[in-house]
Amino acid sequence: MVAESFIEALVQNWPVVLALALASYLIKNRFNRGLNKYPGPFLASITDWWRFWVVYKRRPEVEHIKLHAKHGDVVRLGPNSLSFSNPQTLKAIYGLNKGFTKSEFYPVQQSVANGHRLPSLFSTTSEAFHAQLRRCVNSAFSMSTLVQYEPFVDSTTDLFLSQTEKLYVETGKSCDFSRWLQFYAFDVIGEMTYSKRHGFVEENEDIEGIVKYLGKIFDYAAPIGQIPFLDRLLLKNPLYLLAAQYGLIDATFPVARFAKQRMAERYPADADKSASVLPSTEPKGKPTQPDLLSKFMQAKEARPDFMNDTLVTTMAVSMAFAGSETTAISLSAVFYFLLKNPVCLSALLDELDAKAKQAFFSNKETGVVTWAESQELPYLDACIKESFRLHPAPGLHLERIVPEKGAEIGGEWVKGGTIVGCSAWVIHRRPEVFGDDVEDFRPERWLVGGGKAGDGAMDSSKVVDKEAEEKRIKEMGACLLHFGMGSRTCIGKNISLLEVYKLVPTFLRRFEVQLEDPSKEWTVHNAWPKAPTEARLPHKEQGTTSI
Ligand code: HEM
């Protein structure tokens, strides 16, 4: 009787009840885990929709930098989320064996094939699964294995150079260079993984809409990842996935489809040959030299108890997911900053010319610089590091969950279950590490004696404390979050460095590149990997320089 009248009262006063329930929910959020002591936007403290909106607007890094400038080293970004900006907190959050795990932001980025999620090295939140998988495939990415992949990079680079010549130099047409670099990066990773390019550079088009599709996925994952349960209502909706499992709809990501086609070609026993619709650059069957797919297959043979076909496919798929857009963005950034800073570009060209005069470069035919040669170019190294610093490809926080027992981070005791993280965009702008001119592109900061651009930083007559300088540079390097840190650090770092360190000098030796409108800034679109959109950067090639 009492219960009945209570329910009746609730129903009659439902607007008040609803308002009370919402208010209690917001108050609970506000005081969640005692995080109310940390500064930050009030809205952020009561709802994750604040950070959803900030990311959705595509320039969250600007907001994050502003917030830390205003509030200091710790900022509350959500009811359960803290951002740290002191570089000393990096080890506490990302250090090995600290017990932190990836947040639910990551599974939002999982690929789907035939309605099944494909947890990958990148997206898994299980440290145990991650450790096993990483052990299985680690050797495929080691520095010593790198030399085996160089011919793949060379082959795509040769094509990229000749296509640039044909499509842009000979015609005088403008080049949307960021897009062109995307095509390059996708083809390199395709060739390295399957001994077969996707065909972007050959065709000068987005084959099967893969680039567009990945862009859409990142655009989706960045804001949805701020409120991960939304993913279960949208792309990973169980009903949608079930329908895909029964073949009622096709929920397979195009990159996963491409991977399956390549696997089928490589292992014709299970092949559905009609599935191959893409232009082939290599004969079918086994590759003449080991590619990533063959390494993943070797891992399966070595650890059949753990590695299965699904994991092999997942690894192959995640190469395109994790390794193409990020590398393309990083390449774009290097070219953009060099073109925006002609003094630096000229210093780099001088370095290349001086080496060329000593007959240093071995490839006289196409001028492709070898990895070993690229490592003897200190100013190139400084320019690349400075671009990584100023425009890190990861545009959002690398989120981690504090272990259950809690943890001390930068002198603060943070309760277990709290989402914490650092943004490379914030960390890379800490003046006490990188200098007062953090907003400037100044490669010299990475050189012993690092003076102002063009003022003789590389002047050997300048008296410098070499040891102190080396220490300063080492400290800066230790704070670069471009490739992440700790056990979840980028496994493909060496591969992307191989591409960047080879392509930049090779391209600059071959082409004279200009911005279409040097007075214009590029427009940045931060969708997690952070890409420029209006990417008409390096522009009109004016013939070739001597090789
Ligand atoms: C300049 C290019 C690249 C950048 C800036 C970059 C950046 C990153 C970052 C920041 C992480 C860590 C994410 C986190 O902790 O939340 C990561 C992880 C990863 N990256 Fe890269 N990456 C690049 C190139 C590549 C390439 C070429 C590949 C593959 C060939 C690759 C494959 C991966 C994988 C598989 C992971 C997950 C590693 C793990 O959790 O064990 N990346 N990358």
Side-chain angles (χ1 to χ4, degrees), residues 101-102 104 106-141 189-190 192-196 198 208 210 213-214 217 221 231-232 235-276 278 286-287 290-324 487-488 490-492:
T101 51
K102 279 193 168 180
E104 287 302 312
Y106 291 90
V108 173
Q109 294 162 72
Q110 265 163 18
S111 310
V112 171
N114 299 331
H116 294 281
R117 286 161 169 264
L118 299 176
S120 68
L121 202 58
F122 181 81
S123 66
T124 180
T125 55
S126 158
E127 283 300 301
F129 171 82
H130 173 266
Q132 288 231 53
L133 184 52
R134 182 119 184 178
R135 255 200 308 279
C136 281
V137 297
N138 231 351
S139 64
F141 297 91
I189 210 69
M192 228 181 250
T193 310
Y194 312 104
S195 296
K196 174 169 183 161
H198 294 70
E208 287 205 335
I210 289 180
Y213 190 84
L214 268 191
I217 288 288
D231 190 36
R232 286 185 208 135
L235 272 191
K236 314 259 171 39
N237 182 322
L239 289 177
Y240 180 66
L241 295 184
L242 201 64
Q245 282 166 27
Y246 284 101
L248 301 175
I249 50 168
D250 184 6
T252 303
F253 288 17
V255 195
R257 200 175 306 130
F258 184 83
K260 282 172 70 186
Q261 288 162 356
R262 301 291 78 79
M263 302 266 286
E265 282 173 1
R266 181 74 57 88
Y267 305 99
D270 342 298
D272 167 15
K273 293 191 182 80
S274 63
S276 180
L278 297 172
K286 295 229 168 202
D291 54 18
L292 283 164
L293 182 56
S294 64
K295 302 264 178 197
F296 302 150
M297 291 305 294
Q298 273 170 21
K300 184 186 148 199
E301 277 160 34
R303 282 287 315 274
D305 55 315
F306 177 74
M307 270 312 257
N308 53 26
D309 284 335
T310 306
L311 279 180
V312 170
T313 312
T314 307
M315 276 310 299
V317 172
S318 51
M319 295 301 93
F321 256 97
S324 45
S487 67
R488 306 302 294 264
C490 179
I491 202 170

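Nothing here was measured: the structure is a model prediction, and the numbers come from that model.
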*Asks:* Measure across K236 and V108 and return the closest heavy-atom pair with its distance rounded to 0.1 Å.
*Replies:* NZ-O, 2.9 Å
*Asks:* How close do L133 and S120 get, heavy atom to heavy atom, and via which atoms?
*Replies:* CD2-C, 4.5 Å
*Asks:* Please report the interatomic distance SG(C136) to CE(M315), rounded to the nearest 0.5 Å.
*Replies:* 10.0 Å
*Asks:* Got a sec, which residues hit salt bridge (Lys or Arg N to Asp or Glu O under 4.0 Å) with K300, two or more places apart in sequence or on another chain?
*Replies:* D309
*Asks:* Can you see which heavy atom on G115 is nearest to which on A244, and at what distance?
*Replies:* CA-CB, 3.5 Å
*Asks:* Measuring only between side-chain heavy atoms, which start at C-beta, is L293 closer than 4.5 Å to V312?
*Replies:* yes
*Asks:* Does any non-hydrogen side-chain atom of H130 lie less than 4.5 Å from one of K102?
*Replies:* no
*Asks:* Given side-chain contact (heavy atoms from CB on, under 4.5 Å), test I210 with V255 step by step and report yes or no.
*Replies:* CA-CA 6 Å; I210 289 180; V255 195; 4.0 Å; yes
*Asks:* Find out whether R262 and K196 are in side-chain contact, i.e. whether some heavy atom of one side chain is under 4.5 Å from a heavy atom of the other.
*Replies:* yes
*Asks:* So which heavy atom on H198 is nearest to which on G190, and how close?
*Replies:* CE1-CA, 3.3 Å
*Asks:* For the backbone of I189 and the side chain of T193, can you confirm whether one donor and one acceptor N or O come within less than 3.5 Å of each other?
*Replies:* yes
*Asks:* I need the L118 CG to T310 OG1 distance, nearest 0.5 Å.
*Replies:* 7.5 Å
*Asks:* Taking side chain to side chain contact (heavy atoms under 4.5 Å, CB included) as the definition, give me every residue that meets it alongside Q132, ordered by chain and number, with sequence neighbours left out.
*Replies:* R135, R303, F306
*Asks:* In the structure I gave you, are the side-chain heavy atoms of F321 and Q109 within less than 4.5 Å of one another anywhere?
*Replies:* no
*Asks:* Decide yes or no for R134 and R488: does some side-chain heavy atom of the first lie under 4.5 Å from some side-chain heavy atom of the second?
*Replies:* no
*Asks:* Let me confirm one number: the OG1-CZ distance from T314 to R117, rounded to the nearest 0.5 Å.
*Replies:* 13.0 Å
*Asks:* Donor-acceptor check, side chain of T124 to backbone of L121, threshold 3.5 angstrom: yes or no?
*Replies:* no
*Asks:* Report yes if some heavy atom in the side chain of L214 is under 4.5 Å from a heavy atom in the side chain of S324; otherwise report no.
*Replies:* yes
*Asks:* Is the closest side-chain heavy-atom distance between L311 and F296 below 4.5 Å?
*Replies:* no
*Asks:* Should M307 and V137 count as side-chain neighbours, where that means a heavy-atom distance under 4.5 Å?
*Replies:* yes
*Asks:* For R257, what residues pass the side chain to side chain donor-acceptor pair (under 3.5 Å) criterion, not counting sequence neighbours?
*Replies:* D250
*Asks:* Rounded to the nearest 0.5 Å, how far does CE of M319 lie from CZ of F141?
*Replies:* 4.0 Å
*Asks:* Salt-bridged, D291 to R266, with N to O below 4.0 Å?
*Replies:* yes
